[in-house]
Structure formats: C-alpha cells, structure tokens
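To keep things clear, I will list the structure first and then write my remarks on it.
Counting starts at 1 for both ligands and their atoms, in listed order. In this chain, residues are counted from 1 in sequence order.
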Amino acid sequence: MEALGGLERGQLLLIAVGVALLGYIYTILSSPLARIPGPWYTLWTETILKYKVVTGQRPQWVHSLHEKYGTVVRISPKEVSIQDQNAVQQIYQVKGEFLKSPFYEIFLPGIKSIFNTTDVNFHRRHRRLLASEMSESGLALHRPTVETKVRMAIEGMAEEMEKRGATDVCRWALYMATDVIGELSFGSSFRMLETKEENQYTRDLKTIAFAGGLRSTFPFLMKITRYVPLPVLSTGMRIRDRMRGYATQSLARHYKLVEEQGQDAKHTLLSKLYRASEDDQDTLPFDELCEDAMAYIAAGSDTTTNTLTYLIWTLCKRPDVKAKLLAELSTLPDGFTDLDLKKLPYLDHVIQETLRLYSAAPSGLPRVVPQGGATLAGHYIPGGYTVSAQAYSVHRNPAVYPEPLKFDPSRWENPTRAMKDAFVPFGGGSRICIGLHLAKMELRLATARFFTRFPNATVSHLEGFTDEDMVPAMFFLMGPKSQRCLIDAH
Ligand code: HEM
C-alpha cells in the first residue's frame with residue numbers, strides 16, 4: 001500500500017472520520033437550539049421524542065421536561081415546546097404567520113383538507129366557505145338532528161343498563177358523535193345508534209389518529225413501505241382509503257339527491273357548497289369537499305367522544321360537582337333545548353374544566369417559526385424550527401391555574417386574562433377548531449340529558465372496570481386506554 005506524506009491509507013481514513021465527527025459535533029453544539037434548556041440528548045437526537053410518541057406518552061413526557069427545565073424546553077434537535085400563555089397567543093395567532101408544520105401533510109398523506117393543508121390560500125378559501133354553516137347561527141338549523149341523536153344515545157344507554165347492569169358511555173358517545181357528524185356532513189348517518197354495533201367504520205375511526213401520528217413521526221418509514229410491507233403503516237393507508245371510500249359514496253349519494261330534489265333535499269353542512277359550474281367561486285369541487293368531509297368525520301368523532309366520556313366519568317366520581325350541576329339542571333323547563341342550556345353557567349364551567357384537564361388533543365400542535373425568527377417567552381428561535389405549546393402543559397401551569405390537577409369548575413366563574421389566553425383545547429388563531437360550536441352543543445345536550453335521566457349515576461365496577469381503564473392513552477388524540485367507561489346508570 002502506498003503511503004501519502006508518510007501516512008497509511010488507514011490513518012488517512014481515520015483522520016477524515018475524525019474531522020467529519022468534529023464537524024458534526026461543532027454543528028450540533030453551535031445549533032441555535034443549544035442555548036435552549038432541555039436534556040442534553042434532545043440536542044443530538046429525536047429518538048426519545050419518537051419513542052414517547054409511539055408509546056402514547058409524548059404529552060406527559062414533554063410536561064415532565066417543563067417541570068424540570070422551565071417554560072421553554074428543547075424536545076428534539078429541531079423542536080421546542082413552550083408553556084406560556086403569551087407564547088400561545090403568538091404561535092396560534094389569527095394572522096397565522098406560524099404555519100402548520102409538514103407533520104400534518106404526512107399525518108394524512110395524499111389528502112389535502114381544511115385540517116391538514118399547510119397551504120395558506122387553500123386553507124383560507126376552504127375556511128371561508130365552510131365557516132358560516134359551522135357558526136353558532138349556522139348550526140341553528142342542525143340543532144334538531146343533534147338533539148335526536150343525543151336522545152337516541154341516552155335511550156341506548158338505558159337499554160344497555162337494563163340488560164348488562166352497566167352502560168359503556170364511551171361506546172355510546174362514539175355512536176352519537178359519529179352519527180351526528182355523518183348525518184350533518186352527508187345527509188345520512190352511519191346508523192351506529194340504530195345498529196348498536198361496532199363496525200369497520202368505528203374501528204377505523206379509533207385507529208386513524210394513531211396511524212397518522214405514527215406516519216408523521218417516522219416519515220422515512222412511509223418511503224420504505226413502498227418496498228417492504230410494514231403492517232401498522234399499511235393498515236393506516238388502508239384506513240385512509242376506506243375513509244375516502246365512505247366519504248365519496250356518501251357525498252355522491254347526497255349530491256345526487258340535491259340535483260334531483262333541489263331545495264327539498266336535506267340541508268347539510270356542505271350542501272350549499274356543491275358545485276354546479278366550474279367558475280362558481282363560492283362552491284368547492286367534489287374531490288375537495290370529499291376530503292373536507294373526511295376531515296370532519298375524523299376530527300369530529302373521537303374528540304367529542306372522549307371529552308364526553310371523561311366528563312361523565314369525572315362527575316360520577318365527584319358527587320359535589322354532580323350535585324351542583326343537578327341543582328342547576330333542575331331549573332330547566334320540561335322539553336328543554338340547547339337554547340335553554342346555553343344559559344346555564346355551571347354546565348358551561350363543567351365543560352370548560354373537562355376540556356382543560358382532559359383535552360382531546362393534548363399534544364403540541366406543531367408550527368414552523370416564520371423567516372426572521374421569533375422571540376417566545378424570552379428565547380429567540382430562528383425561522384424554520386418547529387414550536388408548539390401543548391394543551392396538556394399550558395392547561396396545567398400552576399401560575400395560571402392554581403392547583404392545576406384539581407377538577408374545579410368554579411375556577412371558570414371569574415377567569416383571569418391568563419386563564420383565557422392559555423386555554424387551547426380547540427387550538428387557536430386561524431386554525432382553531434371549526435367544529436367547536438358543534439362540539440359544545442353536543443356536550444351541553446348530552447351532559448344535560450344524561451344527568452337528568454340518570455341523576456344517581458356512579459362509576460361501575462362490573463366486569464373488572466377500574467380507574468386503571470380510564471388512564472389516558474395519548475397519541476395525537478387522547479382517550480381511555482381500554483376504550484371503555486362503565487357507568488352504573490341506575
Ligand atoms: C371536544 C371536541 C373537539 C376538540 C377538543 C377539538 C379539537 C381541535 C383542535 C385542537 C384543533 C386544532 C388542530 C391543529 O391546530 O392541529 C381542531 C381543528 C379542527 N377541528 Fe376540532 N375538535 C373537536 C370537535 C370537532 C368537531 C365536532 C368537528 C367537526 C366538524 C371538528 C373539526 C375540526 C376541523 C375541520 C379542524 C381543522 C380546522 C382548520 O385547520 O381550519 N372538530 N380541533
């Protein structure tokens with residue numbers, strides 16, 4: 001082997017590797033995130049973050065880092081989490097300078113909807129067209145549908161109670177929420193409340209957020225699946241295709257009805273936007289509407305289900321809170337409607353407190369820092385890095401919510417500015433949940449109907465049900481790890 005300047009080839013190779021390694025170490029140590037507090041390993045690798053995501057522990061882990069390192073914490077070489085209400089307002093602002101990160105596109109690949117698009121103009125157009133039907137006044141027309149589905153769910157619970165000795169409120173809440181959003185989007189529901197059975201559709205709904213989270217966490221695996229089948233990820237793709245199938249068939253059916261019956265066809269959240277001609281800017285093409293409908297179904301089922309489930313379970317464990325709510329509900333007229341419920345402050349506080357402690361989307365909603373960077377909670381973060389303020393942590397900040405782990409609806413009697421600013425169960429700014437008024441209507445009606453019908457409800461211990469079943473599994477969405485909640489609705 002020929003020597004070069006007295007050095008063997010092996011030695012040269014070692015020097016090259018050493019120089020490359022030093023270069024790498026220098027790059028990492030001089031990263032702008034090196035100055036951000038956080039465990040040393042988060043400067044070097046995303047591995048721990050990814051592990052926490054796939055094991056459903058990301059929010060708790062990030063929260064433990066906030067408890068140790070403070071308001072601003074580095075959670076990966078490219079990502080920072082912030083537990084501060086002013087930063088919340090900066091990141092999730094209406095002007096929307098902090099755009100949704102590419103995480104969302106990978107979350108639902110091959111789909112571009114109001115939920116997952118990162119394209120500002122596409123989003124603005126869809127949001128403008130979809131918003132009026134989802135506003136409080138727009139929803140007035142859909143109130144009777146929601147009321148009917150809620151009543152059916154309560155009847156289903158009573159029936160199950162008779163037969164089984166307990167009712168699984170998680171199951172009924174899912175049937176209610178899926179039938180509500182199905183009927184409001186397509187003019188016909190998936191008839192879960194009638195068939196009273198799990199089907200492929202509800203199983204898909206339960207898995208879609210998990211599979212999406214997995215894809216976004218391991219984007220490179222998506223590339224591998226083209227060559228090597230990875231069951232979890234290909235299941236996710238199959239679910240996406242099935243969801244597209246449901247949406248396409250259901251929407252096409254209703255489209256046809258509208259063509260045939262015109263104004264007489266059942267009005268839905270989307271029917272005003274059916275496109276008759278290509279140049280009509282106040283409507284949307286079929287494919288785009290279909291993908292928005294998929295977003296409605298995926299975003300509007302599990303979220304409402306889990307919020308309602310935790311609300312009922314918590315009140316069954318807290319007789320003092322339940323008694324106060326019952327006293328308020330006793331003032332309602334017979335045959336009350338949602339309009340009566342909107343006037344009840346304690347009901348509203350119970351819902352707020354559930355959304356605070358059991359946020360259905362507890363994880364960071366990742367946003368990209370705009371060009372030029374931003375100073376968040378006193379720390380400068382350059383453009384291009386990812387930031388988020390996760391609901392799980394901002395809702396547990398003791399400086400904002402004293403005794404944060406206590407379920408205390410009365411804290412909402414006179415909320416401080418900081419409490420309002422830190423409250424993000426529905427996200428914030430231009431990407432705030434478009435379904436929040438619908439969700440609140442469902443929660444008000446279902447809570448009031450449940451507790452007026454079953455005032456003595458308690459947590460059941462049938463079939464070995466314990467608090468352990470309700471320990472939250474926290475993927476992109478959160479819900480009871482056993483996906484059941486047995487209540488003795490006597
Ligand atoms: C308690 C129930 C609900 C909770 C906690 C909830 C939570 C959220 C959150 C946190 C976001 C922001 C996501 C982000 O920035 O990444 C969001 C967005 C969204 N939600 Fe909800 N949601 C609920 C119910 C619903 C319902 C019933 C619908 C039905 C239409 C819905 C449809 C959507 C859509 C389409 C978006 C995307 C909005 C946009 O980007 O403009 N959600 N939701």
Counting only heavy atoms, which portion of [X] has something under 4.0 Å from ligand 1: side chain, backbone, both, or neither?
X    : value
Y104 : side chain
T304 : both
M478 : neither
I181 : side chain

What atoms in ligand 1 come closer than 4.0 Å to a heavy atom of [X]?
X    : answer
R127 : 38 (C), 39 (C), 41 (O)
I434 : 34 (C), 35 (C)
R367 : 14 (C), 15 (O)
K100 : 14 (C), 15 (O), 16 (O), 40 (O)

Query raised in the report: Can you tell me if D280 uses its side chain to pair, donor with acceptor, with the backbone of R275 under 3.5 Å?
Result: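 No: the side chain of D280 does not pair with the backbone of R275.
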
Query raised in the report: Quick check: does any side chain N or O of D338 sit under 3.5 Å from a backbone N or O of L341, one acting as donor and the other as acceptor?
Result: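 Checking the backbone N and O of L341 against the side chain of D338, no donor-acceptor pair under 3.5 Å is found.
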
Note the single closest protein heavy atom to [atom], along with its residue, its atom name and the distance in Å.
atom                    : answer
atom 30 (C) of ligand 1 : M134 CE, 3.0 Å
atom 42 (N) of ligand 1 : C433 SG, 3.0 Å
atom 1 (C) of ligand 1  : T307 OG1, 3.4 Å
atom 11 (C) of ligand 1 : F426 O, 3.7 Å
atom 26 (C) of ligand 1 : G300 CA, 3.3 Å
atom 23 (C) of ligand 1 : T303 OG1, 3.5 Å
atom 12 (C) of ligand 1 : R431 O, 3.8 Å
atom 32 (C) of ligand 1 : A299 CB, 3.5 Å

Query raised in the report: Can you tell me if CZ on R484 sees more than 12 non-hydrogen neighbours from other groups inside 6.0 Å?
Result: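 Yes.
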
Query raised in the report: Is R151 atom CZ crowded by more than 12 heavy atoms from other residues, nucleotides or ligands, each under 6.0 Å away?
Result: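 Open.
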
Query raised in the report: Considering P425, S185, S430, which one's heavy-atom position lies nearest to atom 7 (C) of ligand 1?
Result: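 It is P425 whose heavy atom sits nearest to atom 7 (C) of ligand 1.
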
Would you say the side-chain atoms of [X] and [Y] include a donor-acceptor pair closer than 3.5 Å?
X    : Y    : value
Q83  : S393 : no
T195 : E197 : no
H395 : S359 : yes

Report task. Please say whether Y296 places an N or O atom under 3.5 Å from an N or O atom belonging to ligand 1. Result ->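 By distance alone, the answer is no.
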
Query raised in the report: Has R431 got its NZ or CZ under 6.0 Å from the middle of the six-membered ring of Y92, at an angle within 45 degrees of the ring axis?
Result: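 Cation-pi check for R431 and Y92: fails.
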
Query - Geometric cation-pi criterion R396 and Y392, 6.0 Å radius, 45° cone - result: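 The answer is yes; both the distance and angle limits are met.
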
Requested in this report: Could you tell me whether Y296 and F186 have their ring centroids closer than 6.0 angstrom?
Outcome: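 That pair fails the under 6.0 Å test.
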
Query - Short N-O contact, K100 and E105, less than 4.0 angstrom - result: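 No, this pair does not count.
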
